[in-house]
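Please read the structure below before turning to the comments.
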Amino acid sequence: MLQRLFRLPSWRGSLRRLGIAVLFAGVGSGLWYMEEREVRERLSWMGVPTWERLTPLSLHRVLRNDGFLVGWSDVRVSALWASYVLRADSAVDVGERPGFRRDWRTLWPVTPDSYLRSGYDRGHLAPNYAIARVYGPAAQRDTFLMSNMVPQRPELNRQLWQRLEEVVIDRFVPRLGALQVIDGPVFDADFTRGALSRVGLVEVPKAFYKILVVPGDRPQALAFVMPQEVRGDEPLDRFLVSIDRVEALTGLDFFPNLPDATERALEGQVDATGWGLEAVANLPGRFD
DNA sequence: TTTAATGT
């Protein structure tokens, strides 16, 4: 019976077609994987953030945008990180701010009015101005996707955080040539309490981190953690931390492809020499 | 050249 079935021409034809389909799927996904890896390497120095311990909270997806990547968590209903490279050799004229837009890839209904009358700003992770300046208008539009927004208190978003963004693109990038930046939210260590603190569906962070790295054989790094509750006029260097501290607060492992010895030296200490931070730590904001 | 965002 089986042998007769096996000899049927239509059955063998189906097998052949299946084989061809599997071959195409294999080659196609292989090409997709290579393309994806190439894009990630271009947009994220030494690997996108990963996790040391696997828990439900560590599940996240990488959303690819023009000029930056976002690590999206369907548990937090929030981005966990945004990663981008800023270079001094590209300077595009920056146009008007485009509108905020829903990102359908998040699946969760996070819309431009999700933060309405909540007391929180829609704060950019990958910044509008710097991304637009380096990557142009299409990338600028992508920074206004709701998947790139976090609920931020106005005093932080419009003052302290804005001052940091301005120093990064106007001072550090011209001074150092190129910077790898990763930033994102810090959530309540108590998961239940955090899960209850939401704007719409989006979990409200307790603080935000920003990591800056000058790529190269002897990389230099600077890391900040800024809480929601600030006045806005504090000196930037008051918020310096080590990358190890950011990893402890977020559970993320940054720059996983770094050789262990380099990673230990880069991430274990706070070393601001060479950045000229003191000179810009107290520059006034534009909107206070 | 101009970097944030809300609310009306």
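This is a predicted model, so every value here is computed, not measured. Proteins get letters first, then strands, A, B, ... in listed order; numbering begins at 1 in each.
Applying the 4.5 Å side-chain rule to ILVMFWY residues, one finds A:Leu57, A:Val75 in the same cluster as A:Phe191.
Across the protein-nucleic acid pair, A:Asp233 atom CG and B:dA4 atom C1' stand 16 Å apart, rounded to whole Å. B:dA5 atom P lies 15 Å from atom CZ of A:Arg101, rounded to whole Å. Put simply, CZ on A:Phe100 is 12 Å from P on B:dG7, counting in whole angstrom units. The interatomic distance linking A:Tyr115 (OH) with B:dG7 (P) rounds to 14 Å, in whole Å. A:Asn128 places its CG atom 13 Å from the P atom of B:dT2, with the value rounded to the nearest Å. The separation between A:Leu116 atom CG and B:dA5 atom C1' is 12 Å, rounded to whole Å.
Residue A:Arg122 has its side chain nearest to B:dT6 when only B:dT6, B:dG7, B:dA4 are considered. Ranking B:dA5, B:dA4, B:dG7 by closeness to the A:Arg117 side chain, first place goes to B:dG7.
A:Gly285 comes within 4.0 angstrom of nothing in the nucleic acid, heavy atoms only.
Taking the ring centroids of A:Tyr209 and A:Phe254, they lie under the 6.0 Å cut-off.
A cation-pi contact, defined as under 6.0 Å to the ring centre and within 45° of the axis, is absent between A:Arg163 and A:Trp161. A cation-pi arrangement, defined by a distance under 6.0 Å to the six-membered ring centre and an angle within 45 degrees of its axis, is present between A:Arg153 and A:Tyr120.
Heavy-atom distances under 4.0 Å link DNA chain B to A:Asn157, A:Arg158, A:Gln162 of residues 143-165 of chain A, given in residue order.
Across A:Leu160, A:Val241, A:Leu212, A:Asp237, a single residue satisfies side-chain contact (heavy atoms from CB on, under 4.5 Å) together with A:Phe224, and that is A:Leu212.
A side-chain donor-acceptor contact under 3.5 Å links A:Trp81 and A:His60.
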